[in-house]
Each structure stands twice: as C-alpha cells, then as structure tokens.
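Below is one structure, written out as structure tokens; comments come after it.
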Amino acid sequence: MLIFRKPIEGIERPQMPADVVIVGGGPAGMACALRLSQLIDQHNATHPDSQLSKENIYVLEKAREVGQHCLSGALLDPRSMRELLPGFEKEAPLDAEVIKEAVYFLTEKSKFKLPITPPPLRDHGNYVISLNRFVKWLGGKVEETGITIFTGFAGSELIFSDDQKEARVTGVRTDDKGVDKEGHQKSNFEPGYDLNAKVVILAEGPRGSLTKQLINKFDLARNANPQTYGVGVKELWEVPSGRIAAGEVIYTMGWPLTTKEYGGAWMYGGKDNVVSLGFVTGLDYADPRLDPQRVLQDFKQHPFVAKLLEGGKMIRYGAKSMPYGGWWAVPPVAGNGWMILGDSAGFVNSARLKGIHLAIKSGMLAAETAFEALKKDDSSAATLGEFQKKVESSWIKDELWKVRNMHQGFERGFYAGMFHTGLQMITGGRGLRNRYPATAGYEHMRKLADLPADGGAEAHLLGPAKGDGKLTFDKLTDLYHSGTKHEEDQPAHLVIDDTNICNTRCVKEFGSPCQNFCPASVYEMVDDASQPNGKRISLNPSNCVHCKTCDIADPYQIITWVPPEGGGGPNYDGM
Ligand code: SF4
C-alpha cells in the first residue's frame, strides 16, 4: 500500500501572524521580496509617523539552501533586473554576455544554419547565467534587507476562509516534519506552521502545487486556454577549450524529434569552458513510449554536437518543466488575499525561450501591489486586483501579446507551426485569428493500439537510453549528477488517486508512460503475480528532481505532485 504525503489531520499547529508570505524563493519570489523592502524603506524614510515593518514578511523556500532547486538554460534578459537593481551587472554572478548566436536545423547526420537568426532568438546583450547561483545571490540581497527566508520549509496547503460569500486565502500551512513512510509521527515530529497572512504570493515555479489548489478551488482557469508545457532536460559539461566561446549561444530545431513533436535544444557557452546544454521536449507528444531524457541522449549523438563535446565531461544533470501556453493560458493572477507570479502564472515567452525577466518583473509589480495593501491594511480583491491591471499595462503583456498564439500554431506539427509563426510575425501575433485555441498536452497522448508497434518514424526516440558512459548516459547515471536527496522514511510525495488505474488500465493502454516521461526513474512497474497484468506500480520518490512532468503529462491526470518534507530535492550547482 502506498501512503501519500499530506498534512496530518487533528493536531494542534503553531499559529504565526504574517503580513506577506511569498511561497517560493526563485527569481519571482526574491524579486518580489526585494522590491517590497525597497518600497517600505522609501516609505519609512518619508513617513516617520506611519512606519511599516518587514518583520512579518516571509519567503518560504522548500530547498535546504536558496537556489538549490532552481534550474534553467539560462539566459537572462537584463531588462527587469536593471529596473530592480540598477547597475546589478557589477556584482551579480553573470557568466558571460552573449556575443554570438546561431540557429541550426538538424537532420540525423547533417545541419543547416539558418542564414538569419529569427528576431526572438537574437540574444546580444543578454547574459549566460547559472540560475541557481543567480538566485542564491539575489537571496543574499533579500536577507540583507531583514526579510526572513525560511529555507527547508514547503508550503503544503493553502488556508482559506470559510466565508462562502467572500472566499479568500488567509494563509499557508507549512509541511509537517518527521512523519514516517506509514504516515506515523516519528520521535522528531514537528507539526507545520499555520502562517496566517494578509497577502499570500505564489511564486512556486511551473505547475505550482498550491497554485494548482487555488486554480481548482476557484475554477480560475475556466476562461483560459489549458496551460501547455515542455520539459527541459539539462546537462552541464566541461569541454576542452576552444569548442564554444563564453557567451556563444546555439539553438537547434529538428532531429532527434520528428516533425510531429514540438521542442528543440540549446547550448550556451559559460565561463571556464563549461557548456550548458539541454533539450526541451513539448509534453504534447503522441507516443507514450517517448522518453525526454533519451531525447537529450540522442541529440548528443548528432555529429555536430558529439564533436563539440568530444573529450569533455558531464558534470551536472537536472530537469524542469516550463509553461508554453502563453498569454491565453494565464489565469487571473490576483484575488482576495492572493497573487500568482512568474512561471506559476505562465509568464514565459516561448518564442524566446525566456521567462526569468518576466518572473522578476511580475515579482516587482506584485510587491508594489502588496505594499499598497499593507499601507491601506486591505488585501481584498479590489486592492490586490491592481496587480492584474499592472501586469496588463506593463511590458509583460506587450511581450507576451506578440507571441500569444505561438505554441498553439504547432499543435498540428512542425510545418503547420512554421506557417502560423510566419503569419503571426507579420500580423503582430494574431495569425489567422486573435485567439488560437489549445489542447492540454496529455490529451495528445495516444494508446499503444493506435500506434505502430515498432514506433515508426519515432522508433529512435522510444524507450530508455542505455548510455555509453562517456557521451550518453542512462537515467540513473544522469540522476546521480543532480545531487538529489530526500529523507527516505517519509510518505510518498507523488499522490496517485487510484493505483488500480495504473495496474489494470494504463499498463495495457499506454504501457505505463510514467516510466518514460519521468527524468528521474521515480516510477517503476514491478512484477506482481496478484495483478491481472502481472505488474504493479512502485515509486522511488527519493529520486524526484521536482520537475512536475508526471503531474502534467499523465494521460489519466491522476498524479498530483505535493512537496516532500522541506529540504529534500535536487542539489543544483551551476545549473
Ligand atoms: Fe519529475 Fe514527477 Fe519524476 Fe519527480 S516524479 S522527477 S516531479 S516526473
């Protein structure tokens, strides 16, 4: 029997009053905290009689250390950072300024360089960074302001008021610590805190677990397109000098994906001959046997890529989902007592493959709104709704509006996508109509009976990568390089509503795709003679790198990712 991680009912929890709780210490959450502190400082300097305190402003971060769970390509468009901290370049950990970029279309053995780099992928002036180092630095800035960052604390539940007339978010419950696999309290048991907050700000990254609760509770996505996602699987390599310059950026389309799948690769030259490379596979592919970690391994075997990496060494691994859905998939971002930021809201420009600058800007706008709420002592929808207006009149909307139909255009494959993209570029993002509809990615997955048994044109993408240990790696070898660690004796943090579906239907209909799409080998179908198909689902939750792919891509939508005991997860460094 699987016991799932959820707060224990009926115990007394410490109550803590809070003005603002920011859930998630990534770029959006940290920018929000920093901007809020700046505004409070300015206010206090000019209003000696109505001082505002930072004492009850908290950032909750589930990682043991700030930045440890942050992963991205990453290229930073500095626009929002220049607004937040003018002159930040002088002290921030930036690897290199982009000096050269190229886009290639790959076939199995050849490459074709696009004669002109498409405008969205022109990166001169952007910076190659390691997101987790950058966020660590930003976290240091927040700590200097006196705002408390609780590391190792996950937000496990939202607290709502019971008032049906004016339903609102009133706080966040943090994770219980010291619960064993069977759900019993261990000797080190500590109940989670109830942080009763005036304003709760969700900055959890893509497919946030509290954001999901909030969206479901208030049916916030009813007028939005379904959010669509990709999963980026990344490796960091040390290569011999001269292969790729610091600040050199390479994007590829095509192989190993066929024209039916959406996705592409990046290679960014950092300092000290470190290369960030990865492949984003759209989580809307048809064949359940496709494995995104395998896609990256196939990509590295292309002669062009293999030559760049030859003689090098893979030093880190990780994975993370990213929201692709664009402007039409953004739900309302503010209401009674709450706001949603960054990737949790879906602020990603998928044409540019960038979201960090939008996350930071959304954090700043939310801080300005929270500041007004604190001054007025009013965090109702009327006050926090200003955040919605601020986003809509900011450059976040300007940027996302121009690419509002981008990903939807690719729902029918690469050629249709290129046609729609071209049309959208000359019509300011409109294309054939103002709003293209979208289908949730998991609805594209087809049953095995409807697919060629040998995989057809996708055969090379299917099944697990074996790995040669030099250029390519099997999943467990890659996973070792993510530094992932969890307390072993705790309930599973992957909640499967009905494991019977896994054991009786999914195994037959889809061949248990969780084994393939999870980049960390968390899901396993083990032999069990008592099951009708001789197989039973088994989980290795300690392997989880918190990418959220399973929550997104499962064809029955019965998997929910909830935070494990705070402090557990990947240990990204340089990612
Ligand atoms: Fe990602 Fe889910 Fe696998 Fe964890 S279990 S690594 S969230 S797919």
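Atoms within each ligand, like the ligands themselves, are counted from 1 in listed order.
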(message) Is any side-chain heavy atom of His444 closer than 4.5 Å to one of Tyr285?
(response) no
(request) Below 4.0 angstrom from a heavy atom of Trp561, which ligand 1 atoms are there? Numbered from 1 as shown, please. (result) 7 (S)
(request) Report yes or no: does Tyr523 have a heavy atom closer than 4.0 Å to ligand 1? (result) yes
(message) Taking Asp573 first and then Arg133, would you say they form a salt bridge - that is, a charged N and a carboxylate O separated by under 4.0 Å?
(response) yes
(request) Quick one: sort the Phe160 and Phe218 rings into parallel, tilted or perpendicular, breaks at 30° and 60°. (result) perpendicular
(request) Could you check atom 6 (S) of ligand 1 against the protein and tell me its nearest heavy-atom contact, residue, atom and distance included? (result) Val545 N, 3.3 Å
(request) Considering only NZ, NE, NH1 and NH2 on the basic side and carboxylate oxygens on the acidic side, decide whether Lys470 and Asp468 come within less than 4.0 Å. (result) no
(request) Return the residue, atom name and 0.1 Å-rounded distance of the protein heavy atom closest to atom 1 (Fe) of ligand 1. (result) Cys547 SG, 2.4 Å
(message) Considering non-hydrogen atoms of the protein only, which is the closest contact for atom 7 (S) of ligand 1, and what is the distance?
(response) Lys548 N, 3.1 Å
(message) Whether the Trp561 and Ser209 side chains hold a donor-acceptor pair (N or O, under 3.5 Å, no angle test) is what I'd like checked.
(response) no
(message) Side chains of Ser344 and Glu204: any donor to acceptor distance under 3.5 Å?
(response) no
(message) To check your reading of the model: name the closest protein heavy atom to atom 8 (S) of ligand 1, its residue, and the distance in Å.
(response) Cys550 N, 3.4 Å
(request) Show which atoms of ligand 1 fall inside a sub-4.0 Å distance from at least one heavy-atom site of Val522. (result) 3 (Fe), 5 (S)
(request) Mark up the atoms of ligand 1 that fall under 4.0 Å of a heavy atom belonging to Cys544, in ascending order. (result) 4 (Fe), 5 (S), 6 (S), 7 (S)
(message) Need the ligand 1 atom indices (1-based, order shown) with element for anything under 4.0 Å from a heavy-atom of Ala520.
(response) 6 (S)
(request) Take the angle between the ring planes of Phe473 and Trp237 and call it parallel below 30°, perpendicular above 60°, tilted in between. (result) tilted
(request) Answer yes or no for Cys518: is there an N/O/S atom below the 2.8 Å cut-off from atom 3 (Fe) of ligand 1? (result) yes
